[in-house]
Participant: 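Take a look at this one; I'll ask things after.
The chains referred to below are lettered A, B, ... by the order of the sequence lines, with proteins before strands, and numbering in each begins at 1.
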Amino acid sequence: MPDQLLFGMEVALNGLMAGVLYALVALGFVLIYKASGIFNYAQGVMALFAALTLVGIMEGQVPFAHLINAIFGTKIHHLGTPIPEMLDPDVTIAYFNTEGAGWISWLLGGIGNFFIWPINNFDIVLALIFTVFVMIALAWAVQRFIFRHLVNQEPIILFMATIGLAYLLEGVGELMWGAEVKTLNVGLPRGIAEGVESVTEGWFGYGFFLSRLDIVAAVIAAVLVTALTLFSQYSKQGRALRAVADDHQAALSVGISLNFIWILVWSIAGFVALVAGVVWGASSGVQFSLSLIALKALPVLMLGGFTSIPGAIVGGLIIGVGEKLFDFLMNPIIGGATENWFAYVLALIFLIFRPQGLFGEKIIERV
Amino acid sequence: MKKRLATLAVAAVMAAGPVMADLVFPSLSYRTGPYAAGGIPFADGYADYFTLLNERDGGIGGVMTRVIECETAYNTEKGTECYERTKGEGALVYQPLSTGITYQLIPKTAADGIPLHTMGYGRTSAANGKVFSNVFNYPANYWDGASIAINYLLDQNGGDLSGKKIALVYHNSAYGKEPIRTLNELSNKHGYELLEIAVDHPGQEQKSQWLRIRRERPDYVLMWGWGVMNPVAIQEAANIGFPMENFIGVWWSGSENDVLPAGADADGYKALNMHNVGDDFPIFEDIQQYVVDTGKAAGAGDQIGTVLYNRGLYAAMLAAEAARTAQEIHGVGDITPAQMRDGMEALVMTEERMTELGMPNFGPEFSVSCENHGGSGQGKVQQWNASAGEWEILTDWITSDKEVIMPLVMEDSEAFAAENNIEMRCN
């Protein structure tokens, strides 16, 4: 097989993985838009806030320490012992060794390790649960203090409110946890997936690069999407959520609490933001530019539609592969760094033919 | 009534009493926004040095110093606003800490007669003092940085880089593109192949770039990055198995913020620096005694000794020394911005002086002149030791290739002078 074709295949494969990461961010937008018609500009900052909170809890950091110290003249920063050290499990289960294993063993071992990990990392799981509670509290606060007062307002007003929320949350996050770069170590694997490299080496004579972190992120995203789909299709709250999404007034008339549903959906979006923050923060550290990952979600939403969970996934994959392949093919002609703008070009092309996005609902208004 | 009038008169006299002279050093800091992690330690170091001078020495030449901090969030518009807001306070010198803000301030500071110090960033050709009377970029600039990196690689390869492939991974901005021309010139001279790889802002996603490096297999990678681009690049390099000891960042890609997120994977990564690292210098004992222990440290006081804290400290020291030089030249304590400029132009940094200041070998020895506002153009190479969690200096001061750089500086600055009808000085 020609080298360029092999390289192209490798690029496309990595594009798919990048697309999964974009889709993770886009999911949060979709959930809130679907349930409340609000385009949540703060979704990227929510990912940052969630990741900051997780690291803060894991490190045993005292929230608002700078503020407390400034007011009371104290010098507290940390609780003393980081939570992981406090909760180190006595018993650990050995992981399956997948290095150098065949394709099937590598896959099965990987799945097994996926389930062993939470048992061995109980401290991290606990920190994640605490963070989820913080995100639920945030959802309640957002609903109670902002959107409850804006019911029946124009979408643009709600959008502006989320811009305000984004900056507020960024400031609160900084006051709570500080602005320095934080290392997020939740045990996610790094480096090249040797299994993929050795298998493709055997098939094509060229070992493809695929990051182990990307594979784990793809698995997490798949689990998340499946769970969200099952939740919205088969649970009572999920059906209520869909009812609210279809028609607020009709949902209210059958006794569904809008307030509860909105808190629920902001909480789920907060959880999705936490997952996105963890996956992105694992490679770059948790720093304030993490909020800019929202920029990666916009073309995905334009392409996949604002109201479709599968749309976010498929949109993410198309954008991921499209931008990477374009960069690969056009690099020799126009130079690199095309990804930021080409993602939007791709989304615009799709928009011309399907304004509602690939999976978005077609809006038909009778006059 | 008389009593009330008397009270008012006393109040008026007190209000109109003699104004205490002070030396004003604005700090255009960024403690918020996506680049806050880099802005905070620099701002802390800058402020702490002046606090130390006030607390320990009673200021500079008997005149107290005052740092006015203004938040730019690394935003060019906000930076320009900060300049306009603070220049009336008697600002002696501006350090914008952003190439974007620097470009906006070059004409403004020239018109207002206030000097600008852009240490290791900004407009590189401002090193030509004949054209840029108010701008100083000592001790080194971007082009020096590119040449220092190549000189280091020459040294590693027995003086021969012919046939080698060197990739430049750069932030796709004016800043990131700065070294390209110099590296191309040096490529002609030394026979290496240059591979240019751009990364779009903010650089959170760099898969394409590192897949390309994996395919092209360069011998060395140089990086001109900032913010989140740096740790992501280091992590991606580790992912593809690129040898860290062959990966060298510029001084804005060489702080703790850049390597810590990658953990042990970052071990062996190298970066340039224009000053020394760590807190093993006598001045840090004074900072502890006079600044930290008295509760006067800037920020949380938790950045002391980090690379960017030291950079802020070094920048403040150079500003203070220039102010001291200006006081000596003009025989006054309370100097004006114009006198400060004279002090900067006559600044001489010797090892003897740095030792007196408790900062032996902290920066290179250099002197500034009317023609040369760029200093010696020297830098060191440092390497990250992940297990110790600290940077280690690998080399002595490496001098840039002036034979290549000076013609580029002259060409660019003279074109600027022609465009803006600037008359050459220093004749």
Participant: Given that the side chain runs from C-beta out, which part of A:N69 has a heavy atom under 4.5 Å from chain B: side chain, backbone, both or neither?
Facilitator: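 Looking at A:N69, nothing touches chain B.
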
Participant: For the residue pair B:W252 and B:Y142, is the inter-centroid distance of their aromatic rings smaller than 6.0 Å?
Facilitator: no

Participant: What part of A:S291 gets closer than 4.5 Å to chain B, counting heavy atoms only: side chain, backbone, both or neither?
Facilitator: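 For A:S291, neither part sits under 4.5 Å from chain B.
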
Participant: Which bit of B:N257 comes within less than 4.5 Å of chain A, counting heavy atoms only: side chain, backbone, both or neither?
Facilitator: both

Participant: Shorter than 4.5 Å, heavy atoms on both sides: which option in B:G203, B:A262, B:G295 has the most such pairs with chain A?
Facilitator: B:A262

Participant: Sub-4.5 Å heavy-atom contacts with chain A: which residues of residues 234-245 of chain B show up?
Facilitator: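 Residues of residues 234-245 of chain B touching chain A at under 4.5 Å: B:Q235, B:N239, B:I240.
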
Participant: Could you tell me which portion of A:S211 (side chain, backbone, both or neither) has an atom closer than 4.5 angstrom to a non-hydrogen atom of chain B?
Facilitator: side chain

Participant: Can B:E205 and A:K296 be counted as an ion pair, charged N to O under 4.0 angstrom?
Facilitator: no

Participant: For chain B, find which of A:E170, A:Q287, A:E180 contributes the most heavy-atom pairs closer than 4.5 angstrom.
Facilitator: A:Q287

Participant: Angle between ring planes, B:F42 versus B:Y46, binned at 30° and 60°: parallel, tilted or perpendicular?
Facilitator: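 Judged by the thresholds at 30° and 60°, the geometry between B:F42 and B:Y46 is parallel.
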
Participant: Between B:Q204 (side chain) and A:L292 (backbone), is there a donor-acceptor pair under 3.5 Å?
Facilitator: no

Participant: Side chain from CB out, backbone as N, CA, C, O: work out which of these in A:I192 comes under 4.5 Å of a heavy atom of chain B, or both, or neither.
Facilitator: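 Looking at A:I192, backbone and side chain both touch chain B.
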
Participant: Between A:G285, A:S289, A:A18, which has the largest tally of heavy atom pairs under 4.5 Å with chain B?
Facilitator: A:S289

Participant: Applying side chain to side chain donor-acceptor pair (under 3.5 Å) to B:N230 and B:S253, what does each step give before you reach the verdict?
Facilitator: CA-CA 6 Å; B:N230 295 333; B:S253 302; 3.0 Å; yes

Participant: For A:D327, which atoms come within 4.5 Å of any heavy atom of chain B: side chain, backbone, both, or neither?
Facilitator: side chain

Participant: By a 4.5 Å heavy-atom criterion (distance strictly below it), what part of A:I293 contacts chain B: side chain, backbone, both, or neither?
Facilitator: side chain

Participant: With respect to chain A, which residue among B:S208, B:G263, B:P231 yields the maximal number of heavy-atom pairs within a distance under 4.5 Å?
Facilitator: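 Of B:S208, B:G263, B:P231, B:S208 has the most heavy-atom pairs under 4.5 Å with chain A.
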
Participant: Taking all non-hydrogen atoms of both residues, which atom of B:Y121 and which atom of B:S98 are closest, and how far apart?
Facilitator: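 Shortest heavy-atom contact: CE1-N, 3.5 Å.
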
Participant: Which is it for B:D258 and B:Y269 under the side chain to side chain donor-acceptor pair (under 3.5 Å) test, yes or no, and what are the steps along the way?
Facilitator: CA-CA 10 Å; B:D258 305 321; B:Y269 169 73; 6.0 Å; no

Participant: For A:E174, is it the side chain, the backbone, both, or neither that has a heavy atom closer than 4.5 Å to a heavy atom of chain B?
Facilitator: side chain

Participant: Do side-chain atoms of B:Q303 reach the backbone of B:D44 as a donor and acceptor pair under 3.5 angstrom?
Facilitator: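 Answer holds: no.
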
Participant: Side chain, backbone, both or neither: which part of B:D265 has an atom under 4.5 Å from a heavy atom of chain A?
Facilitator: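 Side chain only.
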
Participant: Please report the shortest heavy-atom distance between B:I101 and B:G79, naming the atom on each side.
Facilitator: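 Minimum heavy-atom separation between B:I101 and B:G79: CD1-CA, 3.7 Å.
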
Participant: Under a 3.5 Å distance rule, please check whether B:S187 uses its side chain to pair with a backbone N or O of B:L183 as donor and acceptor.
Facilitator: no

Participant: Would you mind checking which part of A:N331 comes under 4.5 Å of any heavy atom in chain B, side chain (CB onward), backbone (N, CA, C, O), both or neither?
Facilitator: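 Contact with chain B is through the side chain of A:N331 alone.
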
Participant: Listed by chain and number, what are the ring-ring contact (aromatic ring centres under 6.0 Å, His included) partners of B:W210, not counting sequence neighbours?
Facilitator: B:F247

Participant: With chain A as the partner, which of B:V199, B:V232, B:T32 has the greatest number of non-hydrogen pairs under 4.5 Å?
Facilitator: B:T32

Participant: Give, as side chain, backbone, both or neither, the part of B:Q209 having an atom under 4.5 angstrom from any heavy atom of chain A.
Facilitator: side chain

Participant: When only pairs under 4.5 Å are counted, which of A:F288, A:W341, A:W280, A:F209 shares the most heavy-atom pairs with chain B?
Facilitator: A:F209

Participant: Is A:Y22 in contact with chain B via its backbone, its side chain, both, or neither, using a 4.5 Å heavy-atom distance?
Facilitator: side chain

Participant: May I ask you to check whether B:Y35 and B:Y30 place their ring centers less than 6.0 Å from one another?
Facilitator: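 Judged by ring-centre distance (under 6.0 Å), B:Y35 and B:Y30 do not meet the cut-off.
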
Participant: Would the distance check show the side chain of B:Q95 and the main-chain N or O of B:L97 forming a donor-acceptor pair, the cut-off being under 3.5 Å?
Facilitator: no

Participant: Using a strict 4.0 Å threshold on nitrogen-to-oxygen distance, state whether A:K182 and A:E59 make a salt bridge.
Facilitator: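 Between A:E59 and A:K182 there is no salt bridge, as every charged N stays at least 4.0 Å from the carboxylate O atoms.
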
Participant: Tell me, side chain or backbone of B:L211 under 4.5 Å from chain A's heavy atoms, or both, or neither?
Facilitator: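 The side chain, not the backbone.
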
Participant: Do B:K207 and A:E323 meet the salt-bridge criterion of a basic N to acidic O distance under 4.0 Å?
Facilitator: no

Participant: Using non-hydrogen atoms and a 4.5 Å limit, figure out which bit of B:E196 sits close to chain A: side chain, backbone, both or neither.
Facilitator: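 Looking at B:E196, nothing touches chain A.
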
Participant: Looking at A:A343 and A:P299, what are the two nearest heavy atoms and their distance?
Facilitator: O-CB, 3.5 Å

